A.B. asks: 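Can you read through this structure? Questions will come right after.
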Amino acid sequence: MSLVKLTIKGISYSQTQNGAYALILNEVDGERKLPIVIGAFEAQSIAIALEKEIKPPRPLTHDLFKSFADRFDIVVKQVIIHKLVDGVFYSSIICERDKIEEIIDARTSDAIALALRFNAPIFTYKNILDKAGIYLNPSPTETDTNDDDEGVLSTPETFGLDSEGKAGDTYVSMSLSELHDALEKAVQDEDYEKAAKIRDEISKRES
């Protein structure tokens, strides 16, 4: 299976849902985006790593891991998001010490937080991106009002709840056709956290 390189587009957050964050990854040689729902601590750690000028007064957990690895000459070579099961992404951290390579299982949010600190590339397999990647295809009217998609998530954006007032639970009762329509609308509205949850529900049914 071929690997696809990803970059971080940004982090989207909710002012109405505590702990709801979406990490947005971009396909380097394409236009698909891969939204991944992550926890508040991991979102903070990734955001701090993205902002090179921000230095926490005491090391965060991922900073401590980086210092520990540096002390013992362990290098993170790359991160691979290698599996998607029931909406959960599984990742591996590829490390090297004394020219010996080791593969360590990790949560995707932790793996990406560490990849940023080691300046390590992030990859996923093509079949995962085919299954979970989202295309942005704005209509002509939307293009007129938002000409520069590249700045959409350069800083954190707010996303709201779905029309029923809570995200996730309501999708179980929707048909597959309704889910695809809802996914398309969420993408058009740039509501990536909602899009990720709808995509995960679709993935469960089609698997």
Side-chain angles (χ1 to χ4, degrees), residues 1-14 17-30 32-85 87-126 128-129 132-133 150-159 192-193 196 200:
M1 291 182 288
S2 60
L3 288 172
V4 179
K5 190 173 182 179
L6 303 170
T7 58
I8 297 174
K9 175 123 179 121
I11 300 172
S12 177
Y13 66 90
S14 172
Q17 276 184 277
N18 291 332
Y21 292 81
L23 172 67
I24 315 301
L25 302 176
N26 260 4
E27 180 183 17
V28 170
D29 296 320
R32 287 174 291 187
K33 291 175 174 58
L34 190 66
I36 300 174
V37 178
I38 62 175
F41 172 77
E42 292 78 13
Q44 179 193 49
S45 182
I46 290 170
I48 287 175
L50 288 170
E51 296 291 337
K52 302 297 184 183
E53 297 178 3
I54 297 178
K55 296 289 183 184
R58 299 295 296 151
L60 299 177
T61 301
H62 299 109
D63 298 322
L64 176 61
F65 185 97
K66 173 67 162 61
S67 299
F68 186 91
D70 288 344
R71 184 66 59 90
F72 291 95
D73 298 321
I74 300 168
V75 178
V76 171
K77 305 292 289 184
Q78 61 184 5
V79 162
I80 300 177
I81 303 170
H82 63 85
K83 187 166 65 172
L84 173 61
V85 179
V88 178
F89 291 90
Y90 293 77
S91 293
S92 295
I93 301 173
I94 314 301
C95 303
E96 186 178 276
R97 181 173 183 265
D98 295 335
K99 297 184 179 180
I100 299 174
E101 190 173 274
E102 299 285 351
I103 300 175
I104 300 174
D105 181 40
R107 294 188 305 170
T108 297
S109 52
D110 289 328
I112 290 174
L114 290 173
L116 284 169
R117 287 162 170 81
F118 283 88
N119 293 317
I122 303 165
F123 296 94
T124 192
Y125 289 110
K126 183 179 181 297
I128 292 177
L129 198 56
E150 288 306 309
V152 169
L153 285 174
S154 56
T155 56
E157 275 198 4
T158 302
F159 53 79
Y192 293 103
E193 188 261 354
D200 293 344

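Being a predicted model, the structure only gives us computed values, none of them experimental.
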A.B. asks: Using a 3.5 Å cut-off and no angle test, enumerate the donor-acceptor pairs between side-chain atoms of residues 76-85 and protein atoms at least two apart in sequence or in another chain.
C.D. replies:
| unit_1 | atom_1 | unit_2 | atom_2 | d |
| --- | --- | --- | --- | --- |
| H82 | NE2 | S92 | OG | 3.3 |

A.B. asks: CD1/I48 to CG/L116 distance, rounded to the nearest 0.5 angstrom?
C.D. replies: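 Interatomic distance, I48 CD1 to L116 CG, rounded to 0.5 Å: 11.5 Å.
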A.B. asks: Of all heavy-atom pairs between I93 and A111, which one has the smallest distance, and what is that distance?
C.D. replies: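 Heavy-atom minimum between the residues: CG1-CB, 3.9 Å.
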A.B. asks: As a quick check of understanding, evaluate side-chain contact (heavy atoms from CB on, under 4.5 Å) for I112 and L25, giving each step before the final call.
C.D. replies: CA-CA 10 Å; I112 290 174; L25 302 176; 3.9 Å; yes
A.B. asks: My understanding is that only residues two or more places apart in sequence, or in another chain, count here; which of them pass ring-ring contact (aromatic ring centres under 6.0 Å, His included) with F68?
C.D. replies: F72
A.B. asks: Is the backbone N or O of F89 less than 3.5 Å from a side-chain atom of T108, with the two atoms forming a donor-acceptor pair by type?
C.D. replies: yes
A.B. asks: Please report the interatomic distance OH(Y90) to CD1(I128), rounded to the nearest 0.5 Å.
C.D. replies: 11.5 Å
A.B. asks: Taking atom CD1 of I104 as the centre, does the number of heavy atoms from other residues, nucleotides or ligands within less than 6.0 Å exceed 12?
C.D. replies: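 Atom CD1 in I104 is packed in, count exceeds 12.
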A.B. asks: Grab the two heavy atoms, one from S91 and one from D105, that are nearest each other, plus how far apart they are.
C.D. replies: O-OD1, 3.3 Å
A.B. asks: The criterion is salt bridge (Lys or Arg N to Asp or Glu O under 4.0 Å); which residues satisfy it with D63, sequence neighbours excluded?
C.D. replies: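 D63: salt bridge (Lys or Arg N to Asp or Glu O under 4.0 Å) contacts with R117.
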A.B. asks: Between D29 and K5, is a side-chain contact (heavy atoms from CB on, under 4.5 Å) present by the stated rule, with each step listed?
C.D. replies: CA-CA 8 Å; D29 296 320; K5 190 173 182 179; over 6 Å; no
A.B. asks: Can you sort out the partners of K126 under side-chain hydrogen bond (donor to acceptor under 3.5 Å, both in side chains), two or more places apart, ordered by chain and number?
C.D. replies: D130
A.B. asks: What are the two closest non-hydrogen atoms of I24 and P35, and how far apart are they?
C.D. replies: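 Of all heavy-atom pairs spanning I24 and P35, the closest is CD1-CB, 4.0 Å.
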A.B. asks: Over all heavy atoms of both residues, which pair between S109 and I46 is shortest? Give the atoms and the distance, please.
C.D. replies: O-CD1, 3.8 Å
A.B. asks: Got a second to check how far Q44's CD is from L60's CG, nearest 0.5 Å?
C.D. replies: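 So the gap between those two atoms works out to 6.0 Å.
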A.B. asks: Report the C-alpha distance between L3 and Y125 in whole Å, list the side-chain angles of each, state the deciding distance to 0.1 Å, and finish with yes or no for side-chain contact (heavy atoms from CB on, under 4.5 Å).
C.D. replies: CA-CA 5 Å; L3 288 172; Y125 289 110; 3.3 Å; yes
A.B. asks: Taking all non-hydrogen atoms of both residues, which atom of A69 and which atom of F118 are closest, and how far apart?
C.D. replies: CB-CZ, 3.6 Å
A.B. asks: Please report the interatomic distance CD1(I103) to CD1(I94), rounded to the nearest 0.5 Å.
C.D. replies: 4.5 Å
A.B. asks: Return the set of residues passing side-chain hydrogen bond (donor to acceptor under 3.5 Å, both in side chains) with R107 (not counting sequence neighbours), or none when no residue passes.
C.D. replies: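 For R107, the residues satisfying side-chain hydrogen bond (donor to acceptor under 3.5 Å, both in side chains) (neighbours in sequence not counted) are E42, D110.
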A.B. asks: So which heavy atom on E27 is nearest to which on L129, and how close?
C.D. replies: CD-CD2, 3.6 Å
A.B. asks: Among all residues two or more places apart in sequence or in another chain, which pass the side-chain contact (heavy atoms from CB on, under 4.5 Å) test with T7?
C.D. replies: N26, V28
A.B. asks: Mind checking the CD1-NZ spacing from I11 to K9? Nearest 0.5 Å is all I need.
C.D. replies: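 Reported to 0.5 Å precision, the distance equals 13.5 Å.
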